[in-house]
Engineer: 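Sharing a structure here in structure tokens format.
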Amino acid sequence: SETKTAGFKKDISKQIEFLAEKVDEMSLGEIDCMLKETKERKDKVNAMTMEEIENMDNFGPHVSGCLAKPPPKLTENHSNVPCARADVKIRYHPDKGRYLVVEKDVGPGEILLIEKPYSSILLPEFYTTHCQTCYQRVSAPMPCWCCSKVRFCSDECRLDAWESFHKIECQQLDLISGANLGKNAMLAFRILTSSGKIYLEYVVNKVKEELEKPENEGGGPEKLGFNEEGVYDAADYRTIYTLVGNTKQRGVGDLFKRGLMAAFMLKILELTPFFFNGGSDPRNVKVQSFIQDKILVGGILLTHLQNLPCNAHEIAEIEIPSGSVKDSVQSEIGAAAYGTLSLINHSCDPNVVRHYHSSHAVVRTVRSLQAGDEILDNYGYHYAVMAREERQRKLYNQYYFNCNCIPCNNSWATYTSLSQAAVPLAGTQPEQAKQIISEHHKATKQYKKAFDYVLSGKFSMFSEALPILLEHLTFLDKNITRPIREYNDCQEAVKQCYSVEGNSYRTKVNSKK
């Protein structure tokens, strides 16, 4: 390839010469025996299921050296939404589009969704400290074969990045990251480079066909993103292409700015092998065909420059100082496009929380849910830390909707003004209320002990503290009126327990001399 350096080519040539010499020294019998063994191994692998391959002890990142922490696994996946639990369903309503609900009662701490992003990026300020593929902090980084901009934690990650996107971006990284286009523009660029022109064109044409179908033939807005088999697959580009972009709500100035950005990014793409990565020779491409390709790709870029600001998610890492969880700092190290996660609507009092294992998003409940309840995330504007008027203004400016969640409708106070008194739910009989207050008093002793374990950073005790915290949340949900400060404290402690399992690292405190 033209993009490989001379040194890399020389290394490959030496390896080929070495292998050629080895083959020359072998007898025909040895070669025949080797071919039979190779065929037997190939047949054995072909006969294996993906589950058997994934469970092999000598296969995967844990062997190759990749530092990524593997995410947990769902006990039972949904047949039509593979990254979600079996009791999670996609619903549709004209006022709020597609959204997710649970079909049975769910307690706090249960995993509802584990999703690998369709595409993701590492933010430029972390290029030298984190792996470009798995987003783990690296202490002995491996460089790219051809550029000095990015780092990897292992050969596996380096090869994975090269095959999926870096071979397209490598020589133009200064332009891509240096133009200050922002993370959403960089993510839009990555979606294209990791997909390839041929696949993008195929999906865009398929979606256009599906949009023209009447509802009685399987069409309609509730079917957007589903493939021909009726599966909403997070690895399928149509789940990203069909996300809402709020084009009609945007002003002319906003659309002009995004159009100009798309044109600039298209010029960068022209400097890469993107348009010819399918194997076509640039010298044989017809001018008219090339222009049509550019119009298609420019339109896709513009689509993502509109739908990513409303749908992209951060990839986070938490820094935990030694001995004090109170001073933990969460940093946004990357951005990602998740087709299923993007269907979860906002609440200023969310019932789920996200944590990241490498780029995988793990969604867990932090409240009790009843059958039929909608799964609700927080878009960065929580009632406990931001006043209602400011939340409403920021949500409308970015997402173009007016929030009607319970904290907004009932004007819940921020954390510092929340009540600390436990009051039984409205309608509770006096005798029952007394019993609830007594039980709450007993439960609080256990809860405070578990809370202190988390607050003091005793990580070895987190596994003991977590069940107590989850049980306390369940008790509060069933018996105590919200909002109450104790509920928020318990939720935050639960989040801390899960955060240390994902992308996190602990810093040592420098001892005073």
Side-chain angles (χ1 to χ4, degrees), residues 84 88 96-102 106 108-115 117 183-184 243-244 308-318 328-332 334-338 340-356 361-369 373-418 469-470 473 476-477 482-485 487-499 502-503:
V88 172
K96 56 185 178 183
R98 295 167 292 169
Y99 59 99
L100 300 181
V101 299
V102 291
V106 180
E110 295 190 37
I111 297 175
L112 300 180
L113 198 77
I114 300 174
E115 184 172 10
K183 62 184 179 185
N184 289 318
L243 292 173
V244 172
L308 288 177
C310 309
N311 292 286
H313 289 76
E314 85 288 352
I315 295 175
E317 175 189 73
I318 188 167
S328 296
V329 178
Q330 182 167 292
S331 302
E332 181 180 357
Y338 299 92
T340 313
L341 193 58
S342 296
L343 301 183
I344 303 179
N345 285 325
H346 165 85
S347 171
C348 299
D349 177 32
N351 51 33
V352 296
V353 65
R354 285 173 278 115
H355 289 105
Y356 297 91
V362 179
V363 177
R364 291 182 175 91
T365 51
V366 285
R367 286 207 337 245
S368 301
L369 278 71
D373 281 353
E374 182 177 356
I375 299 170
L376 296 166
D377 195 3
N378 184 263
Y379 292 0
Y381 310 116
H382 198 285
Y383 82 88
V385 293
M386 190 178 291
R388 178 182 179 276
E389 293 72 21
E390 188 179 359
R391 297 198 309 269
Q392 292 274 350
R393 175 174 53 80
K394 290 190 173 184
L395 285 167
Y396 189 81
N397 287 344
Q398 184 172 352
Y399 301 101
Y400 301 97
F401 71 87
N402 293 307
C403 185
N404 292 309
C405 68
I406 292 174
C408 283
N409 288 341
N410 296 339
S411 298
W412 282 11
T414 54
Y415 178 79
T416 52
S417 302
L418 287 178
L469 295 169
L470 293 174
L473 275 180
L476 295 176
D477 278 327
R482 296 186 63 209
I484 178 174
R485 190 182 293 190
Y487 196 96
N488 295 67
D489 290 341
C490 192
Q491 274 189 332
E492 291 306 311
V494 167
K495 291 176 188 178
Q496 285 287 355
C497 289
Y498 289 128
S499 66
N503 295 344

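In this chain, numbering begins with 1 at the start of the sequence shown. In what follows, every heavy atom counts, from backbone to side chain, and hydrogens, waters and symmetry copies are set aside.
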Engineer: Could you pull out all residues at least two apart from Asn184 that satisfy side-chain contact (heavy atoms from CB on, under 4.5 Å)?
Structural biologist: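 Here the qualifying residues are Leu308, Pro309, Ala312.
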Engineer: Return the orientation label for the Tyr399 and Tyr381 ring planes: parallel under 30°, perpendicular over 60°, tilted otherwise.
Structural biologist: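 The rings of Tyr399 and Tyr381 stand perpendicular, inter-plane angle above 60°.
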Engineer: Assert yes or no for the condition that the ring centre distance of Tyr396 to Phe401 is strictly below 6.0 Å.
Structural biologist: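 Centroid separation for Tyr396 and Phe401: 6.0 Å or greater.
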Engineer: Please say whether the positively charged group of Arg388, taken as NZ for Lys or CZ for Arg, lies over the ring of Tyr383, i.e. under 6.0 angstrom from the six-membered ring centre and within 45 degrees of the axis.
Structural biologist: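 No; the conditions do not both hold, so Arg388 does not lie above the ring face of Tyr383.
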Engineer: Do Tyr338 and Asn311 have side-chain N/O donor and acceptor atoms under 3.5 Å apart?
Structural biologist: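 On atom types as modelled, these side chains do not qualify, holding no pair under 3.5 Å.
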Engineer: I need the minimum non-hydrogen distance between Val352 and Val363, along with the two atoms involved.
Structural biologist: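 Taking Val352 first and Val363 second, the nearest heavy atoms are CB-CG1, 3.7 Å.
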Engineer: How would you list all residue pairs meeting salt bridge (Lys or Arg N to Asp or Glu O under 4.0 Å) that involve residues 389-417, not counting sequence neighbours?
Structural biologist: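 Applying salt bridge (Lys or Arg N to Asp or Glu O under 4.0 Å) to every pair that reaches into residues 389-417, excluding sequence neighbours, yields Glu390-Lys394.
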Engineer: If the condition is salt bridge (Lys or Arg N to Asp or Glu O under 4.0 Å), which residues does Arg482 pass it with, not counting sequence neighbours?
Structural biologist: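 Arg482 satisfies salt bridge (Lys or Arg N to Asp or Glu O under 4.0 Å) with Asp349 only.
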Engineer: Using the salt bridge (Lys or Arg N to Asp or Glu O under 4.0 Å) rule, collect all pairs that involve residues 374-385, keeping only residues at least two apart or in two chains.
Structural biologist: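 Qualifying pairs, neighbours excluded: Lys96-Glu374, Arg354-Asp377.
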Engineer: Does anything in residues 397-415 pair up under salt bridge (Lys or Arg N to Asp or Glu O under 4.0 Å), and if so which pairs, sequence neighbours excluded?
Structural biologist: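 For residues 397-415: none.
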Engineer: Locate the shortest heavy-atom distance separating Val366 from Tyr487; write the atom from each residue and the value.
Structural biologist: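 Looking at all heavy atoms of both residues, the shortest contact is O-OH, 3.9 Å.
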Engineer: Do you know the tightest heavy-atom contact between Lys495 and His355?
Structural biologist: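 Between these two residues, the closest heavy atoms are O-NE2, 3.1 Å.
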Engineer: Could you tell me which residues satisfy salt bridge (Lys or Arg N to Asp or Glu O under 4.0 Å) with Asp489, sequence neighbours excluded, listed by chain and number?
Structural biologist: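 Counting only residues at least two positions away or on another chain, Asp489 forms no salt bridge (Lys or Arg N to Asp or Glu O under 4.0 Å).
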